[in-house]
Chemist: 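If you scroll down you'll find the structure; I have some questions about it.
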Amino acid sequence: MKIAMVGSGYVGLVSGACFADFGHDVVCIDKDESKIERLRSGVMPIYEPGLAELVAANVKAGRLSFSTDLASSIEDAAAIFIAVGTPSRRGDGHADLTYVYAVAQELAENIRTPTVVVTKSTVPVGTGDEVERIIRESGTDVKFAVVSNPEFLREGAAIGDFKRPDRIVIGAEEEWARGVMREVYRPLFLNRAPILFTSRRSSELIKYAANAFLATKITFINEMADLCEKVGGDVQDVARGIGLDNRIGSKFLHAGPGYGGSCFPKDTLALLKTAEDYNSPVRLVEAVVKVNDSRKRAMGRKVIEALGGDARGKRVALLGLTFKPNTDDMRDAPSIAIVQTLLDAGAEVVAYDPEGMDAAVEILPEVTMAASTYAAVAGADAVALVTEWDAFRALDFARVKSLMNAPVLVDLRNVYDPTEARAAGFAYSSIGRV
Ligand code: UGA
């Protein structure tokens with residue numbers, strides 16, 4: 001089956017490579033010529049474990065190709081996925097659908113054979129209706145259907161998530177389009193991945209509801225962590241104690257510095273806007289957004305507290321800058337607000353991140369980027385572990401302590417055991433544990 005993927009960013013590239021790996025004939029399209037050029041020579045635009053190998057293998061097998069020319073690439077494609085970005089619109093937080101609608105317009109002018117147009121980008125309820133209108137009003141007489149098929153993959157675990165999904169959600173109004181989507185995902189049926197057919201609008205909402213729910217779960221446990229610190233509890237025990245209840249579930253109950261990334265912050269905001277437009281407030285999500293925003297700066301203050309309340313002239317080493325491990329993505333990373341808070345308080349900040357420093361220097365020019373973990377901690381008055389990269393999970397405590405100016409360790413991801421860290425001579429603080 002021939003599949004065209006319009007947009008070769010995170011979702012487009014991973015989905016395209018995985019579809020090719022299932023045996024489909026896939027072309028990934030992008031307007032960015034240098035990106036396509038680099039992809040053709042095997043250079044990935046993002047850091048994602050396993051992606052370069054997957055792309056290389058499928059290009060070699062002749063199932064995956066890259067193009068900047070939409071018109072010629074979509075010829076004979078049974079399914080054309082729209083996987084372009086839907087960033088937050090500056091000013092109001094609505095999802096910016098400019099790119100989605102531009103692709104719809106281009107498809108309208110170029111489809112020649114019956115096609116299912118599939119929106120994989122995260123788009124607000126009603127976007128599918130608009131895409132359908134754009135194509136229909138172009139006057140095309142080719143048979144087409146517009147389907148919603150949200151993606152639930154996580155950065156850093158994207159290939160595994162795509163190939164072994166908890167579920168596949170497809171919002172389609174026409175039976176023939178459902179049939180095409182069944183073919184697209186047939187290899188996954190064999191893995192017994194449940195497929196849920198819904199209306200297009202429900203499918204669009206499922207994506208936002210899922211991300212908002214997960215963001216709520218994280219925010220809930222983060223507030224429980226704060227309470228644990230006050231009442232003398234241990235948030236990890238609390239998380240385990242509630243997570244073992246199957247109705248609650250143990251995942252996404254890891255307390256930390258607040259959620260970041262390219263999805264939760266943007267999608268929760270967009271959901272608020274949809275709710276506002278339809279005059280159906282989602283107050284719980286409003287609270288989640290506020291609590292999470294203020295949490296990031298609060299983490300900077302936590303480090304200042306660990307320094308004795310005064311950061312002026314102090315040197316703070318951050319271990320990890322990306323919003324989570326195994327990605328080079330800095331979008332809405334808690335580290336950004338933490339750095340700002342520390343700089344505002346007069347601290348000097350040095351950092352090390354295994355993959356994120358190229359992106360981080362653009363956003364955080366005041367931060368000195370170190371060449372390694374141990375170079376970062378040298379001379380520091382406090383170390384804050386911000387992102388739980390594996391490389392930070394087995395620090396040589398004696399070495400760290402000997403390099404530091406003062407042995408202060410703020411573990412914002414609860415990577416270490418408080419007793420062990422204190423036994424190693426650190427003034428140790430973490431999240432939701434005393
Ligand atoms: C998230 C969702 O998990 C995916 O299902 C979804 O497809 C994706 O957004 C998307 O909409 O495209 P992602 O942003 O890659 O994926 O990362 P997550 O692993 O979900 O982490 C998001 C943030 O929550 C990170 O900052 C992470 O540190 C934080 N988090 C996560 C916690 O603080 N605690 C947890 O228990 C879990």
Side-chain angles (χ1 to χ4, degrees), residues 7 9-15 46-49 83-88 95 119-124 149-162 164-169 204-226 235-236 238-240 242-243 248-271 288-289 291-293 295-296 299 320-338 356 385-389 411-415 430-432:
Y10 228 108
V11 168
L13 190 55
V14 171
S15 311
I46 46 165
Y47 172 76
E48 179 64 36
V84 292
T86 53
S88 276
T119 315
K120 208 167 224 343
S121 306
T122 299
V123 294
N149 170 220
E151 187 46 60
F152 301 102
L153 54 82
R154 288 164 303 165
E155 292 186 16
I159 293 168
D161 283 353
F162 192 93
R164 288 176 296 280
D166 287 345
R167 80 301 202 188
I168 299 153
V169 175
E204 288 168 339
L205 189 55
I206 284 168
K207 170 71 192 190
Y208 284 96
N211 274 0
F213 191 86
L214 292 170
T216 303
K217 219 173 161 187
I218 296 166
T219 306
F220 177 83
I221 202 67
N222 282 342
E223 288 207 307
M224 286 302 125
D226 292 349
V235 73
Q236 276 169 234
V238 174
R240 193 162 156 72
I242 62 173
I248 296 174
S250 60
K251 291 185 180 154
F252 275 67
L253 285 180
H254 194 77
Y259 61 77
S262 61
C263 304
F264 289 169
K266 158 176 91 71
D267 294 348
T268 44
L269 268 191
L271 181 62
V288 165
V289 168
V291 170
N292 193 66
D293 275 350
R295 183 169 190 80
K296 296 178 183 174
M299 291 299 115
L321 291 168
T322 51
F323 80 99
K324 66 177 205 175
N326 300 322
T327 175
D328 56 359
D329 202 332
M330 281 295 297
R331 283 176 284 181
D332 275 305
S335 63
I336 300 170
I338 295 171
L385 200 164
V386 181
T387 316
E388 69 279 33
W389 285 91
D411 178 359
L412 300 179
R413 299 287 184 172
N414 289 354
V415 165
S430 58
I431 301 287

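The structure displayed is predicted, hence computed values, not measured ones. Remember, it's 1-based here, ligands and their atoms both numbered in the order they're listed.
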Chemist: Can you find a non-hydrogen atom of L253 under 4.0 Å from ligand 1?
Modeler: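 Per 4.0 Å heavy-atom rule, L253 contacts ligand 1.
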
Chemist: Ligand 1 and F152, any nitrogen or oxygen pair closer than 3.5 angstrom?
Modeler: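 Yes, F152 has an N/O under 3.5 Å of an N/O on ligand 1.
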
Chemist: Please report whether ligand 1 has a polar contact with Y259, defined as an N or O pair separated by less than 3.5 Å (distance criterion only).
Modeler: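 No - when backbone and side-chain N and O of Y259 are compared with those of ligand 1, no distance drops under 3.5 Å.
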
Chemist: Can you give me the closest heavy-atom contact between I159 and P49, atom names plus distance?
Modeler: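 Residues I159 and P49, closest heavy atoms: CD1-O, 3.5 Å.
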
Chemist: Where is the tightest heavy-atom contact between L321 and S335, given as atom of each residue plus distance?
Modeler: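 Smallest heavy-atom distance, with atoms named: O-OG, 2.6 Å.
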
Chemist: Quick one: nearest non-hydrogen protein atom to atom 6 (C) of ligand 1, plus distance?
Modeler: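 Its nearest protein heavy-atom neighbour is L153 O, 3.4 Å.
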
Chemist: Note the single closest protein heavy atom to atom 15 (O) of ligand 1, along with its residue, its atom name and the distance in Å.
Modeler: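 For this ligand atom, the closest protein heavy atom is E155 N, 2.7 Å.
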
Chemist: Measuring from atom CG of L412 to atom CD1 of I431, what distance do you get when rounded to the nearest 0.5 angstrom?
Modeler: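 These two atoms lie 5.0 Å from each other.
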
Chemist: Checking a contact table here: which protein heavy atom is nearest atom 3 (O) of ligand 1, and how many Å away?
Modeler: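 The closest heavy atom on the protein side is R154 CG, 3.3 Å.
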
Chemist: In ligand 1, which numbered atoms sit nearer than 4.0 Å to a non-hydrogen atom of N211?
Modeler: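 Answer, ordered by atom number: 2 (C), 6 (C), 9 (O), 10 (C), 11 (O).
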
Chemist: Between K324, H254, R295, flag the one that comes closest to atom 34 (N) of ligand 1 by a heavy atom.
Modeler: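 Closest candidate by heavy-atom distance is H254.
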
Chemist: Do the side chain of K217 and the main chain of K251 share a donor and acceptor less than 3.5 angstrom apart?
Modeler: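 Indeed, once roles are kept as given, a pair shorter than 3.5 Å links the two residues.
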
Chemist: State if C263 counts as touching ligand 1 under the rule of any non-hydrogen atom under 4.0 Å.
Modeler: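 Distance cut 4.0 Å: C263 passes for ligand 1.
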
Chemist: Assess whether salt bridge (charged side-chain N to carboxylate O under 4.0 Å, His left out) is satisfied between D226 and R295, documenting all intermediate values.
Modeler: CA-CA 10 Å; D226 292 349; R295 183 169 190 80; 3.2 Å; yes

Chemist: Quick check on side-chain contact (heavy atoms from CB on, under 4.5 Å): which of D332, T268, N222, N211 does Y259 satisfy it with?
Modeler: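 For Y259, the side-chain contact (heavy atoms from CB on, under 4.5 Å) test succeeds with only one of D332, T268, N222, N211, which is T268.
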
Chemist: Considering F264, F162, Y208, F323 one by one, which has a heavy atom nearer to atom 1 (C) of ligand 1 than any of the others?
Modeler: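 Looking at heavy atoms only, the winner is F264.
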
Chemist: Grab the two heavy atoms, one from R413 and one from F323, that are nearest each other, plus how far apart they are.
Modeler: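 Smallest heavy-atom distance, with atoms named: NH2-O, 3.3 Å.
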
Chemist: So which atom in A210 and which in R167 form the shortest heavy-atom distance, rounded to 0.1 Å?
Modeler: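 Minimum heavy-atom contact is CB-NH2, 3.9 Å.
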
Chemist: What's the shortest distance from atom 33 (O) of ligand 1 to any protein heavy atom, and which residue and atom give it?
Modeler: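 Nearest protein contact, heavy atoms only, for atom 33 (O) of ligand 1 is I218 CG2, 3.5 Å.
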
Chemist: For F220 and I242, work out which heavy atoms get closest and say how close.
Modeler: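 What the structure gives for the nearest pair is CE2-CD1, 4.2 Å.
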
Chemist: Checking the N or O distance criterion of under 3.5 Å, is ligand 1 in contact with S262?
Modeler: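 Between S262 and ligand 1, no N or O pair is found under 3.5 Å apart.
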
Chemist: Are K217 and ligand 1 in contact, using a heavy-atom cut-off of under 4.0 Å?
Modeler: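 No heavy atom of K217 comes that close to ligand 1.
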
Chemist: I want to confirm something. Looking only at heavy atoms, which of A210, G260, P150 is nearest to atom 26 (O) of ligand 1?
Modeler: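 Selected option, by shortest heavy-atom distance: G260.
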
Chemist: Regarding ligand 1, does R413 bring an N or O atom to under 3.5 Å of one of the ligand's N or O atoms?
Modeler: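 Checking ligand 1 against R413, an N or O pair does fall under 3.5 Å apart.
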
Chemist: Under 4.0 Å, heavy atoms only, figure out whether ligand 1 is touched by the backbone of D267, its side chain, both or neither.
Modeler: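 Side chain only; the backbone of D267 stays clear of ligand 1.
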
Chemist: Apply side chain to side chain contact (heavy atoms under 4.5 Å, CB included) to the pair D161 and V14, showing each step before the final yes or no.
Modeler: CA-CA 10 Å; D161 283 353; V14 171; over 6 Å; no

Chemist: Answer with side chain, backbone, both or neither: which part of K207 has a heavy atom less than 4.0 angstrom from an atom of ligand 1?
Modeler: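 Just the side chain.
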
Chemist: Of all the heavy-atom pairs spanning L253 and G243, show the shortest one and how long it is.
Modeler: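 In this case the closest contact between L253 and G243 is CD1-CA, 4.0 Å.
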
